[in-house]
2 protein chains.
Amino acid sequence: MIKISKSVEYSILALKYIADNENFASLSSRKISDDLNIPYDLLSKLLQKLVRKGIVQSQQGKYGGYNLLVDSNKLSLLNIIDALDENIQLANCTFDGANNEDCARINNCYIRSPFLNLQNKINKMFNEITLNELTN
Amino acid sequence: MIKISKSVEYSILALKYIADNENFASLSSRKISDDLNIPYDLLSKLLQKLVRKGIVQSQQGKYGGYNLLVDSNKLSLLNIIDALDENIQLANCTFDGANNEDCARINNCYIRSPFLNLQNKINKMFNEITLNELTN
DNA sequence: TTTATATGCGATAAAATTAGTCGTATATAA
DNA sequence: TTATATACGACTAATTTTATCGCATATAAA
Ligand code: SF4
Ligand code: SF4
């Protein structure tokens with residue numbers, strides 16, 4: 001109900017792994033998948049999305065692989081979730097400017113306001129934690 | 001991905017509605033369902049769960065209905081989620097005492113600790129907001 | 001005692017989301 | 001030219017969430 005999808009978890013694991021090995025050769029998705037035990041096909045697709053969003057860089061061909069393109073101090077958990085086209089929207093109305101197309105109840109809903117408060121706090125939390133901090 | 005299920009939303013709406021009408025006759029699930037536009041069968045089941053967990057009281061028969069059994073200042077959002085057998089577990093390991101049956105990666109996972117931190121904050125947030133505060 | 005109106009509850013179905021797989025095309029260094 | 005990589009759309013499977021159905025039981029009122 002409130003959980004981080006495998007896609008996001010895999011992506012964080014992979015991004016962290018890439019970040020920690022930048023000095024060496026770039027990591028192939030095959031190697032990342034093997035080392036971290038993440039389904040290869042799935043990981044590939046996730047990394048492709050991250051490429052499109054400019055978070056990592058890919059190099060095709062032999063000895064190719066992935067490199068981080070952004071500062072791991074500036075990449076937030078929310079950025080990653082966004083890049084994967086996922087979201088952390090608690091309810092259909094929990095953003096500024098929602099209207100009754102988002103939820104028919106919106107105009108006389110007595111719980112929207114507290115939900116918005118919750119949402120703001122969660123957004124903040126997810127936006128403040130960076131890839132760099134996602135580590136023991 | 002991070003969202004509050006309809007079940008929880010419906011439950012909050014209903015509980016709040018019940019709480020606000022306690023002075024009057026007890027509300028039947030039919031009336032609540034009609035007034036709040038919540039699928040009747042679904043709402044009934046939700047209320048039944050809440051009865052079993054001691055959150056509301058039910059009165060069968062004609063002129064029956066539901067009444068709140070707990071102080072709306074003491075019923076937290078987390079209590080409600082628990083009562084519905086849902087949870088806010090971010091990942092398979094984000095609780096104290098998780099072991100490698102919960103996640104095979106647990107013993108050398110570099111992101112578990114920050115996930116646990118996040119989890120603690122979220123638990124706190126959901127535990128601090130009460131039914132009473134879930135209002136405009 | 002009958003009737004109308006409630007809840008109780010298990011089973012099931014439908015819908016939506018999430019997770020995982022497959023086939024094929026393309027890029028590129030050796 | 002070949003081996004090894006990513007790119008990517010289509011598809012399938014699994015899981016979770018949402019909704020429905022049918023029947024049993026309770027109870028106040030007529
Ligand atoms: S308006 Fe109310 S019922 Fe509709 S999504 Fe927002 S909180 Fe939920
Ligand atoms: S141990 Fe790591 S990989 Fe496993 S559930 Fe926890 S955070 Fe995710």
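Below, chain A is the first sequence line, B the second, and so on; all start at residue 1. Everything numeric here is computed off the predicted structure, so don't read it as measured data.
Within the nucleic acid shown, A:Ser44 has no heavy atom closer than 4.0 Å to any nucleic acid atom. Counting any heavy atom pair closer than 4.0 Å across all strands shown, A:Tyr40 reaches a base atom. Within the nucleic acid shown, B:Lys3 comes within 4.0 Å of sugar-phosphate atoms alone, with no base atom in reach, counting heavy atoms only.
If you take CD1 of B:Ile38 and P of D:dT20, they are 13 Å apart, rounded to a whole angstrom. Spacing between atom NZ of B:Lys53 and atom C1' of C:dG8 amounts to 15 Å, rounded to whole angstrom units. Taking atom CG of A:Leu42 as the reference point, atom P of D:dG9 lies 16 Å away to the nearest angstrom. The nearest whole Å value for the distance from the CZ atom in B:Arg30 to the C1' atom in C:dA4 is 13 Å. What separates CE of A:Met1 from P of C:dT17 is a distance of 15 Å, to the nearest Å. One interatomic measurement links the two molecules: CG of B:Asp85 to P of C:dG10, which rounds to 12 Å at whole-angstrom precision. Following rounding to the nearest Å, A:Ile2 (CD1) and D:dT16 (P) show an atom-to-atom distance of 16 Å. The interatomic distance linking B:Glu86 (CD) with D:dT15 (C1') rounds to 14 Å, in whole Å.
Cluster membership for A:Leu134 and B:Leu116, using ILVMFWY side-chain heavy atoms within less than 4.5 angstrom, is not shared. Cluster membership check: B:Ile129 shares its hydrophobic cluster with B:Leu131, using side-chain heavy-atom separations under 4.5 Å among Ile, Leu, Val, Met, Phe, Trp and Tyr. Under the 4.5 Å side-chain heavy-atom criterion for Ile, Leu, Val, Met, Phe, Trp and Tyr, B:Phe95 and B:Met125 are members of distinct hydrophobic clusters.
At C:dA6, none of the side-chain N or O atoms of B:Ser58 fall inside 4.0 Å of OP1 or OP2 (strictly under the cut-off). Close to C:dA6, at under 4.0 Å from its OP1 or OP2, lies no side-chain N or O of B:Ser29. At least one side-chain nitrogen or oxygen of B:Arg52 sits closer than 4.0 Å to the OP1 or OP2 atom of C:dC9.
Side chain of A:Asn79 to main chain of A:Leu75: no donor-acceptor pair is present (N/O by atom type, distance under 3.5 Å, no hydrogens or angles). For B:Ser58 (side chain) and B:Tyr66 (main-chain N/O), no donor-acceptor pair under 3.5 Å exists by modelled atom type.
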With B for base contact, S for sugar-phosphate-only contact and - for none (protein heavy atoms under 4.0 Å), nucleotides 23-30 of chain C reads ----BBSS
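Within 6.0 Å of atom CG in B:Asn37, 12 or fewer heavy atoms from other residues, nucleotides or ligands are found, so the atom counts as exposed in its surroundings.
Here the nucleotide nearest the side chain of B:Ser5, chosen from D:dT18, C:dT7, C:dA11, is D:dT18. The side chain of B:Ser28 has C:dT7 as its nearest neighbour among D:dT6, C:dT7, C:dG20.
B:Ser76 and B:Asn127 share a side-chain donor-acceptor pair at under 3.5 Å.
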